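Everything numeric here is computed off the predicted structure, so don't read it as measured data.
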Amino acid sequence: MEKTSAWAKILEHLKTRVDEREFDSWFRDSRQKSETAEAIFVQVRTPLFVDYIPEAYAAQIAEAARLAGAGNREIRFGADGDYRSAVNPQKLPAEPRRRAGGLNPAYTFEHFVTGESNRLAHAAALRVADQTSRQYNPLFVCGGTGLGKTHLMQAIGHRRLSRRPGEKVVYLTSENFVNEVVLGVRFNKMESLRQRFRAADILLLDDVQFVVGKEASENELFHTFNALYDEGNQIVFSSDVPPREIPGLTDRLKSRFEGGLIVDIQLPDFETKVAILRQKAEASQVVLEDDVAFFLAGKIKSSIRELEGYFNRVVAFASLKGEAISLDLGREALKDVFRAEEHATTPAEILKLVGAHYGLKPAELRARTKRGPIVFARQVTMYVLKEATGLSLPEIGRLFSDKHHTTALHAIRKIAALREEDPVLDRLLAGFLAQFR
């Protein structure tokens, strides 16, 4: 039986510390070339990866190496036999991602971009952070992976610490919570553990669904909740689903989770994704033109984390090539990622997208009506259909209650002319089209 390499063991731990898409982009094709008592030599795809991986993921790799039992050996990266970049665990703290209160300094309200998808959650988090309401206890934030739950929770902690430096803020992932309970039981340290948790002015517990099924941890969470709640101290939970949908959740915990305010974070809309990219570009001090932002925002559907990961990849690609960020460069940087996802655009997708922007359903766009707002939205839809698909004018007309092809032609020419005159409309249309090219 072939022996598992040290790098393969490190990758198993790294998978849990890096977003799945980022892992696929940067680490999927990496492999161990050799190892010595001092170093592990890892072959990656291109020289771009050699420079970028140690810069962007040093902390996560060092922690994964520690958990994999790799000791203090350097992990050296190379392509074509040139191992010029390395991660040295000895030069990193044992827990490189932990900060005061367990908080990441980048996760603040100032760096959180709000939109329709997260506005209620953001407002509730601000109220909790400023202690302007005692009604939101606990605050329960739910939403899919990579939509900003962790960012919002840690932003609460940062704001509390900045306004009340003496407060005890405790942020934990459920994995950390369970591990601490296990160690407390094993080494007879439960009393000191309880004192630390129950002395918190605010407890932030991320991905609480993963505590379910661990009897000792569930029990400790139940009593910790009661102790904090009785003292009037704030509790904030996050989960990928609302409490009632967490499989196996006991009634006593469910009733406590649902006793305050439950808010959810939805998938970000197109405009919010563009705003996030612009903020990232400003923070990174790079120029991001609208066409590149629209391209990325249109292609990435599932999460903010994915969006940021692909933005970072484009920035790294541009830096290592010594070129400005452009649409062509962005396509080149992400061609391997998007190749498998390409599919033909359907008219239904376009009607849904444009209609949603104008607050209309596809059926309303297709209806026989001369109401001004609907007529204009319909004309925009016809224009996007013509630019993004191979449909003929008669085919476009038939999509809208069998309108004559001359009606479609008039609409397309009108929107094309307005686009030349109106920069706001031009950016909007560019954004629509970027999602279907």
Is there a donor-acceptor contact under 3.5 Å from the side chain of Gln209 to the main chain of Val241? no
Contact between Gln32 and Phe41 at the side-chain level, heavy atoms closer than 4.5 Å - yes or no? no
I'd like to know if Asp29 pairs up with Arg45 as an ion pair, taking the criterion as any Lys NZ or Arg NE/NH1/NH2 lying under 4.0 Å from an Asp or Glu carboxylate oxygen. yes
Closer than 3.5 angstrom, by distance alone: can the side chain of Asp269 be matched with the main-chain N or O of Gly115 as a donor-acceptor pair? no
Any Ile156 side-chain heavy atom under 4.5 Å of Val236 side chain: yes
Backbone N/O of Ala297 and side chain of Lys273: donor-acceptor pair under 3.5 Å: yes
Could you walk me through whether Tyr136 and Gln234 pass side-chain hydrogen bond (donor to acceptor under 3.5 Å, both in side chains), step by step? CA-CA 8 Å; Tyr136 307 158; Gln234 181 68 49; over 6 Å; no
Between Arg73 and Glu38 (salt bridge meaning N to carboxylate O under 4.0 Å), is one present in this structure? no
Residues that Phe177 engages under ring-ring contact (aromatic ring centres under 6.0 Å, His included), provided they are two or more places apart: Phe197
Quick one: closest heavy-atom pair of Pro268 and Ser117, and the distance? CA-OG, 3.4 Å
Quick check: closest heavy atoms across Gly146 and Ser303, and the distance to 0.1 Å? O-CB, 3.4 Å
Determine, for Arg244 against Glu258, whether the closest basic-nitrogen to carboxylate-oxygen distance falls under 4.0 angstrom. no
With salt bridge (Lys or Arg N to Asp or Glu O under 4.0 Å) as the rule and sequence neighbours excluded, what pairs involving residues 140-164 come up? Asp130-Arg159, Asp130-Arg163, Arg160-Glu167
Residues that Phe49 engages under ring-ring contact (aromatic ring centres under 6.0 Å, His included), provided they are two or more places apart: Trp26
Does this structure show an ion pair linking Glu364 with Lys361, if we count only N-O contacts that are shorter than 4.0 Å? no
Side chain proximity check, Met190 to Glu220, heavy atoms < 4.5 angstrom: yes
Compare every heavy atom of Ala124 with every heavy atom of Val263, then report the nearest pair and how far apart it is. CG1-CB, 4.1 Å
Would you tabulate the side-chain donor-acceptor contacts of residues 281-295 under 3.5 Å, counting partners in other chains and residues two or more places apart, or write 'none'?
residue: Ser284; atom: OG; partner: Lys280; partner atom: O; Å: 2.9
residue: Asp290; atom: OD1; partner: Arg278; partner atom: NH2; Å: 2.7

Taking Val50's backbone N and O only, do any of them form a donor-acceptor pair with Ser85's side chain (distance below 3.5 Å, no angle check)? yes
Set of ring-ring contact (aromatic ring centres under 6.0 Å, His included) partners for His122, sequence neighbours left out: Phe109, Phe112
Consider only side-chain N and O atoms of Tyr229 and Asn137, and report whether a donor and an acceptor are under 3.5 Å apart. no
Which class fits the ring pair Tyr358 and Phe376: parallel under 30°, tilted 30 to 60°, perpendicular over 60°? perpendicular
Nearest atoms (heavy-atom pairs only) where Leu307 meets Leu296: CD1-O, 3.9 Å
Side chains of His13 and Gln60: donor-acceptor distance under 3.5 Å anywhere? no
Say whether Asn226 and Arg252, considering side chains only, have a donor N or O and an acceptor N or O under 3.5 Å apart. no
Only counting residues at least two apart or in another chain, list the ones meeting side chain to side chain donor-acceptor pair (under 3.5 Å) with Arg28. Asp24
Lys9/Glu12 salt bridge by N-O under 4.0 Å criterion: no
Nearest heavy-atom contact between Ala227 and Arg198 is CB-CD, 3.8 Å
Answer yes if the ring centres of Phe270 and His357 are under 6.0 angstrom apart, and no otherwise. no
Heavy atoms of other groups near Asn188 CG, more than 12 under 6.0 Å: no
Parallel, tilted or perpendicular for Phe27 and Tyr57, by the 30°/60° rule? perpendicular
Under 3.5 Å: donor-acceptor pair, side chain of Arg368, backbone of Ser401: yes
Under a 4.5 Å cut-off applied to non-hydrogen side-chain atoms, are Pro242 and Phe140 in contact? no
Lys/Arg-Asp/Glu bridge criterion (N-O < 4.0 Å) met for Glu191, Arg196: no
Heavy-atom pair with the smallest gap, counting every atom of Ala65 and Ile75: CB-CD1, 4.0 Å
Give a yes or no on whether the backbone of Leu172 and the side-chain of Asn176 come within a donor-acceptor separation of less than 3.5 Å. no
Heavy-atom donor-acceptor pair, Asn72 side chain to Arg66 backbone, under 3.5 Å: no
Using a 3.5 Å distance criterion without hydrogens, assess whether the side chain of Asn219 forms a donor-acceptor pair with backbone atoms of Glu215. no
Would you say the side-chain atoms of Thr381 pair up with the backbone N or O of Ala377, donor to acceptor, closer than 3.5 Å? yes
Closer than 3.5 angstrom, by distance alone: can the side chain of His111 be matched with the main-chain N or O of Ala155 as a donor-acceptor pair? no
Walk me through it: do Phe257 and Phe237 pass the test ring pair (Phe, Tyr, Trp, His ring centres under 6.0 Å)? CA-CA 8 Å; Phe257 289 173; Phe237 296 118; 4.6 Å; yes
Would you please say whether a donor-acceptor pair under 3.5 Å links the side chains of Thr173 and Asp207? no
